[in-house]
Protein chains: 2
Amino acid sequence: MTKSSPLALSNQLCFAFYSVSHAFSRAYRPFLDPLGLTYPQYVVLLVLWEQDGLTVREIGDRLFLDSGTLTPLLKRLEAAGHIRRARDKKDERQVRISLTEMGRTLRENAEEIPRQVGCMLGLPVDELRALTEQVAKLRGRLHDSASLLAKS
Amino acid sequence: MTKSSPLALSNQLCFAFYSVSHAFSRAYRPFLDPLGLTYPQYVVLLVLWEQDGLTVREIGDRLFLDSGTLTPLLKRLEAAGHIRRARDKKDERQVRISLTEMGRTLRENAEEIPRQVGCMLGLPVDELRALTEQVAKLRGRLHDSASLLAKS
DNA sequence: TCGATATAGATTGTACGCAATTGAATTGTA
DNA sequence: TACAATTCAATTGCGTACAATCTATATCGA
């Protein structure tokens with residue numbers, strides 16, 4: 001995947017995302033390891049720290065993940081003592097995820113992580129912000145195209 | 001991960017990459033499925049189509065993957081008939097990967113994929129190019145910071 | 001030359017990611 | 001009310017990622 005290769009642009013872009021996403025995951029690891037968390041587990045907790053008591057589906061909608069990924073991940077978070085899983089009384093199909101006291105406490109220990117990772121980036125804040133928006137927009141387009149493709 | 005949440009920027013950026021990378025993988029799937037390939041397998045073939053006869057390590061260096069990931073992936077590509085794996089005569093530690101006739105032929109069937117995915121993006125070419133470079137630069141910084149961290 | 005060191009790839013174990021299927025609960029509708 | 005369609009989470013199976021470890025080969029230094 002050298003710079004000189006005449007590969008089509010979308011391949012280059014896709015690979016850039018593919019590899020930078022793994023690089024980010026590795027960058028977070030030294031900070032998450034001491035907390036006993038993986039990156040996907042951390043992202044789920046970020047969601048719950050924002051809004052507790054969501055259903056599995058609501059978490060999945062926010063993170064673009066399905067129950068096949070979330071169910072075992074949530075079971076691991078539960079086994080670690082960070083969350084509780086309980087069927088919704090009103091609708092027994094749904095499983096509501098709520099933080100334990102331990103899970104809430106963990107938030108404080110994780111507070112410094114984004115700043116420390118931010119230091120590794122060495123880019124001005126407004127550039128980071130612009131990049132984030134651009135990438136999110138691109139993701140939106142891909143989702144839209146995919147759902148169009150699925151309909152036909 | 002709502003827009004209104006006050007999450008730190010690096011978390012936002014990391015999640016943007018994390019989710020767009022999966023979105024890309026899903027976007028490629030309809031085109032790769034008929035060829036019997038996964039996205040990582042496709043990327044390995046892209047490398048080999050550029051330069052045949054690389055060692056496992058050389059492929060890993062280009063893709064930022066290690067033998068733990070590549071060995072089973074390459075075995076599947078071999079089982080599918082696309083590549084051959086053979087110990088290097090000069091240095092028996094190394095395994096050289098070469099395309100079979102079938103693997104070379106596959107290239108033509110895959111030629112249209114990046115153009116089709118490109119259509120789903122709906123962004124001007126120079127914007128895509130700029131984005132690709134920016135993301136690659138960011139990945140470089142992360143790798144550098146990570147190796148600095150590993151040394152200390 | 002021989003032993004220590006380094007390197008390449010394979011293996012093991014854990015954790016995603018996701019398609020496909022299943023089973024239970026709910027909803028829509030006749 | 002009955003019952004088909006829908007929804008939600010769980011499960012199964014496969015393919016990555018990656019740390020840690022192992023084995024075989026190669027290289028370096030005394």
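These numbers come from the heavy atoms of this one structure, side chains and all, not from hydrogens, waters or symmetry mates. Chain A is the first sequence line, chain B the second, and so forth, proteins listed ahead of strands; every chain is numbered from 1.
Under the 4.0 Å criterion applied to side-chain N and carboxylate O atoms, B/E78 and B/K75 are not assigned as salt-bridge partners. A salt bridge links B/R93 with B/D91: the distance from a Lys NZ or Arg NE/NH1/NH2 to an Asp or Glu carboxylate oxygen falls below 4.0 Å. Here B/E101 pairs with B/R104 in a salt bridge; the nearest charged N to carboxylate O distance falls below 4.0 Å.
Proximity of B/Q41 to the phosphate of D/dT16: a side-chain N or O atom is located under 4.0 Å from OP1 or OP2. When the side-chain nitrogen and oxygen atoms of B/Y18 are compared with OP1 and OP2 of C/dG17, one or more of them lie within a distance under 4.0 Å. At the phosphate of D/dT16, neither OP1 nor OP2 sits under 4.0 Å from any side-chain N or O atom of B/K75. Within the structure, every side-chain polar atom (N or O) of A/R57 is placed at least 4.0 Å from both OP1 and OP2 of D/dT7. The phosphate of D/dT16 (OP1 or OP2) has a side-chain N or O of B/T38 nearer than 4.0 angstrom. Here B/R93 does not reach the OP1 or OP2 of C/dA6: none of its side-chain N or O atoms lies under 4.0 Å away. The phosphate of C/dA8 has neither OP1 nor OP2 within less than 4.0 Å of any side-chain N or O from B/R87.
Sequence order on DNA chain D of the closest nucleotides to A/L70 and B/R76 puts A/L70 first from the 5' end. With DNA chain C read from its 5' end, the first of the two nearest nucleotides for A/P72 and A/D88 is the one closest to A/P72. Residue A/R85 is the one, among B/L65 and A/R85, whose nearest nucleotide of DNA chain D lies closer to the 5' end (criterion: closest heavy atom).
With rounding to the nearest 0.5 Å, the separation of CG in B/L54 from CD1 in B/I97 is 9.0 Å.
For a distance-only test at 3.5 Å, the side chain of B/S67 qualifies as a donor-acceptor partner of the base of C/dA10.
When heavy atoms are screened at a 4.0 angstrom cut-off, A/S25 is found touching no nucleic acid atom at all. Contacts of A/L73 with the nucleic acid, taken as non-hydrogen atoms under 4.0 Å apart, involve only primed sugar atoms and P, OP1 or OP2.
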